[in-house]
Amino acid sequence: MTTQLDFMRVPFAADLASYGDSPAILTDTLAMTYRELAERVDAFALRLGTTRRLVALAAANDLDSLVVYLAALAGGHPLILLPEDKPAALESLVAAYDPDVVVQPGNGQLLLDERRTGTRHELHPDLALLLSTSGSTGSPKLVRLSHANLQSNAESISEYLNIGPDDRAATTLPMSYCYGLSVINSHLLRGAGLVLTDLSVVDPCFWDLFRGRGATSFAAVPYTFELLERVGFADMDLPGLRCVTQAGGRLGQDSVRNYAELGRRNGWEFFVMYGQTEATARMAYLPPELAADVPGAVGVPVPGGSFRIDPVPGLEHGELIYSGANVMLGYAECPEDLAAGRTVTELRTGDLARLHPAGVYEVVGRRSRFVKIVGLRVDLGQVERLLADLGVRAASAGTDDGVVVAFEGDHDAHLLGKVLAQGMGLPRAALEVHAVDHLPRLATGKLDYQGVLALRGPKPGQAPAPAAETGGPDNSPPDSVRRILQDALECAEIGDDDTFVSLGGDSLSYVAASVRLEQALGHLPRDWHVTPVRDLEPRPRTAPVRKRRRFFAPVETSIVLRAVGIVLIVSTHVGLFSWQGAAHVLMAVAGYNFARFQLSGKRIPRLRRQMSSVARIVVPSMAFIAVAFLITDNYAPANIVLLNAILGPEGVSTQWHFWFIEILVYLLVGSVALLAVPWRTAPSGASPCSFRWR
């Protein structure tokens, strides 16, 4: 069992007094020098004692919390750092790790609970700090950081931000959050000042304090910029501002350009940064002069760090791997792990990335932000990006059972659901779209994906919620034929005589509806898509029906045709055999489904359904090709309007990538136009040569 403090400490925490009378801490009522801060830290270190102990601190952005944090680092005591406003998280981690000392706020002061004078733990000599990666949930999984991790990352950050003694950073983020903590560490390392506050950037008092104390920088997460827009930050007079830093998630490219340009006009620099708790805080930064040219990049490695990209089977982009002195020792999940030394030497970030020709790295997705639904690999980040391109602020979460999307604003949830289903190639029933006043967020400002997932409604087999919560527009139960057709076809009113086809159903919604109907009914009539709703609704059974066991289940023609087409296309592309025209089998599928769903009913309603079906192909295709046109050199404007077959070059090139969609659209539009003509038919009793217009 470790006892005496005769080993490593964090240098910047132990050497505070070397900056003498330079201002260290500034609040609305206090100005404290480094000498005075060092005296307070030394005094609290004496209270912690000379026996090395495990300390837990529920920290706020105040002087007392900062003193306890620095005293633990200077005294060599491993510290579990938590937010002070989450008592449940503190209780959970105290139960899991049984710290020797617990420090938490109470009655306007910090309460020191010395649970034992010694320690019952085996504490590795390098262990300095334990941080959670799961927000404030109290998960027992913690990141183990060493004294060298904290010192090296503070040195890297202060180097590329060029922090000096005249700088003063406002504490806009919680110190229990690794990003907020890195601001504190890097400024104390260089003898710079901290404008210590827990005020929000939407509070006018924050900006009064910022100006009054001569602050030169502040840190922000993407959500912070939403708040800055509300308070008119762009028009503020902040003469002392030298730099703004951003991390904690991806900021939109337009926002990066706008803030980089705003900074250029007003004389301050805008730094986009990238990091993880497992790397103590920062791994990369984007030099301000590159923000306008590569706004989607995370930048270059911090001083002393390096990147490489490892291939990921089945994915276009590889995983970003980071190496550097700031890489954690490893994870802790129980007290026994506190005795462990280094278990990792590099950090597998879990992010998919590529190297831009400008020499900076771009993160293009999250390896763990994928789910697999009906055999399709779905990138949840792509769901958010697709909606962002439409001007919708949203967050998506999901499991292999389905995707849940929350969005802000007064957009049409049904329409967004249809756009996402088409854009992602998912069954509509696999998507839940919810309008919310504000996206759920953690205390750090990051999106709370568990909160998004909690919006999910009951699934088949679960007990349904009250009808007012789960029913359709007519409060029909979730497993009724009406409700299933409402969800699949986005119809509010469904009558007894309506059918799947008469309601505008097509092959894109057929599969999703048929799967749910078969689950609800136990069987599915062969012609269910043209059967009135009244005849589809299940009837009470007087006796159980004994099902005959089948060795081979019937398969629909369209599914067989799709399967054949896919096998032929894939086999041709991989060189298994060569057969020209394999893709044309899918044309047969399109024709089969057009005849199946689009030829019944009166002419005008039928025409509306047909045009709607064509639009479901044209609109997302044009949107996708437009994005591809903007970010690559492979396509031309004729591709966007699906006219390359008519206006494009004769030779085969990359511009012919979308030939199938173009030809399909031409055939469908031609068929719709032909069927729109009110053909003449022979009246009753007339000769075969006599006819009239309908």
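These values consider heavy atoms only, across backbone and side chains, with no hydrogens, waters or symmetry-generated copies.
Closest approach of His411 and Glu408 over heavy atoms only: CD2-O, 3.3 Å. The nearest pair of heavy atoms linking Leu286 to Ala291 is CD2-CA, 3.9 Å. The nearest pair of heavy atoms linking Pro222 to Ala247 is CD-O, 3.4 Å. The minimum heavy-atom distance linking Gly350 with Glu319 is given by the pair N-OE2, 2.9 Å. Across Met175 and Ser65, no two heavy atoms sit closer than the pair SD-CB, 4.0 Å. Scanning all heavy atoms of the two residues, the minimum distance from Tyr322 to Val302 falls at OH-CG2, 3.5 Å.
Judged purely by atom type and a 3.5 angstrom limit, Arg211 uses its side chain to pair as donor or acceptor with the backbone of Asp237. Using a distance-only test at 3.5 Å, with no hydrogens or angles considered, a donor-acceptor pair links the side chain of Gln276 to the main chain of Thr349. Of the possible polar contacts, one joining the Asn61 side chain to the Leu173 backbone as a donor-acceptor pair under 3.5 Å is found. Using modelled atom types, one side-chain atom of Asn149 and one backbone atom of Ala325 make a donor-acceptor pair closer than 3.5 Å. Using modelled atom types, no side-chain atom of Tyr635 and backbone atom of Ala626 make a donor-acceptor pair closer than 3.5 Å. When atom types are taken as modelled, the side chain of Ser158 and the backbone of Ile163 share no donor-acceptor pair closer than 3.5 angstrom. In this structure, Thr280 contributes its side chain and Asn326 its backbone to a donor-acceptor pair below 3.5 Å. A donor-acceptor pair is defined here as one N or O able to donate and one able to accept, closer than 3.5 Å; such a pair exists between the side chain of Thr171 and the backbone of Thr197. In this structure, the side chain of Glu84 does not engage the main chain of Ala58 through any donor-acceptor pair within 3.5 Å. In this structure a side-chain-to-backbone donor-acceptor pair under 3.5 Å is present from Arg168 to Arg213.
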Which is it for Tyr69 and Asn185 under the side-chain hydrogen bond (donor to acceptor under 3.5 Å, both in side chains) test, yes or no, and what are the steps along the way?
-> CA-CA 11 Å; Tyr69 166 68; Asn185 294 346; 2.8 Å; yes
Residue pair Phe233, Val201: steps toward the side-chain contact (heavy atoms from CB on, under 4.5 Å) verdict | CA-CA 9 Å; Phe233 171 75; Val201 295; over 6 Å; no
Apply the test side-chain contact (heavy atoms from CB on, under 4.5 Å) to residues Phe44 and Asp64: give CA-CA distance (whole Å), side-chain angles for both, the deciding distance (0.1 Å), then the verdict.
-> CA-CA 10 Å; Phe44 199 88; Asp64 287 338; over 6 Å; no
Could you go through the side-chain contact (heavy atoms from CB on, under 4.5 Å) check for Val403 and Leu380 one step at a time?
-> CA-CA 8 Å; Val403 174; Leu380 296 173; 4.0 Å; yes
Hey, mind stepping through Leu189 and Gln151 against side-chain contact (heavy atoms from CB on, under 4.5 Å) and telling me if it holds?
-> CA-CA 8 Å; Leu189 174 78; Gln151 184 73 16; 3.3 Å; yes
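Geometrically, Arg250 does not engage Tyr274 in a cation-pi contact defined by less than 6.0 Å to the ring centre and at most 45° from the axis.
Side-chain contact check for Val619 versus Val419: every heavy-atom pair is 4.5 Å or farther apart. Using a 4.5 Å heavy-atom threshold, the side chains of Glu269 and Leu161 count as separate. Leu93 has its side chain within reach of Leu142: a pair of non-hydrogen atoms, C-beta onward, lies under 4.5 Å apart. Taking the side chain as every heavy atom from C-beta outward, Val10 and Phe12 approach each other to under 4.5 Å. With a 4.5 Å cut-off on side-chain heavy atoms, Phe218 and Val183 do not count as touching. By the 4.5 Å heavy-atom criterion applied to side chains, Thr172 and Thr224 are not counted as neighbours. Using a 4.5 Å heavy-atom threshold, the side chains of Ser255 and Gln246 count as separate. Side-chain contact between Leu416 and Val392 is present, with heavy atoms from C-beta onward closer than 4.5 Å.
Salt-bridge check for Arg456 with Glu432: failed, with every basic side-chain N at 4.0 Å or more from each acidic carboxylate O. Comment: Glu261 engages Arg265 in a salt bridge, judged by a side-chain N to carboxylate O separation of less than 4.0 angstrom.
Ring geometry for Phe206 against Phe210 counts as tilted: the plane angle lies between 30° and 60°, on a 0 to 90° scale. Ring planes of Tyr177 and Tyr179: perpendicular class, angle over 60° (limits at 30 and 60°).
No side-chain donor from either of Ser200 and Asp203 sits under 3.5 Å from a side-chain acceptor of the other. Between the side chains of Tyr285 and Thr245, no donor N or O sits under 3.5 Å from an acceptor N or O. Side-chain atoms of Asp167 and Thr216 include a donor-acceptor pair closer than 3.5 Å. Side-chain polar atoms of Ser156 and Asn153 form no donor-acceptor pair below 3.5 angstrom.
For the atom pair Ile309 CD1 and His317 NE2, the distance stands at 9.5 Å (nearest 0.5 Å). In this structure, CG on Leu188 lies 11.5 Å from CG on Asp15, to the nearest 0.5 angstrom. Taking CD from Glu346 and OG from Ser323, the interatomic distance works out to 4.5 Å, rounded to the nearest 0.5 Å. Summarising the geometry, atom CG belonging to Leu110 is positioned 9.5 Å from atom CG belonging to Leu63; distances are rounded to the nearest 0.5 Å. Going from atom CD1 of Ile640 over to atom CD1 of Ile625 covers 8.0 Å, rounded to the nearest 0.5 Å. Between the CD1 atom in Ile80 and the OG atom in Ser176 there is a gap of 13.5 Å [rounded to 0.5 Å].
Few gaps surround CD on Glu289; more than 12 heavy atoms of other groups in view lie less than 6.0 Å from it. At most 12 non-hydrogen atoms from other residues, nucleotides or ligands lie less than 6.0 angstrom from CD of Glu91. For CZ of Phe307, the number of neighbouring non-hydrogen atoms (other residues, nucleotides, ligands) closer than 6.0 Å is greater than 12.
Under the side-chain hydrogen bond (donor to acceptor under 3.5 Å, both in side chains) test applied with Tyr331, the options Arg144, Glu278, Lys141 reduce to a single match, Glu278.
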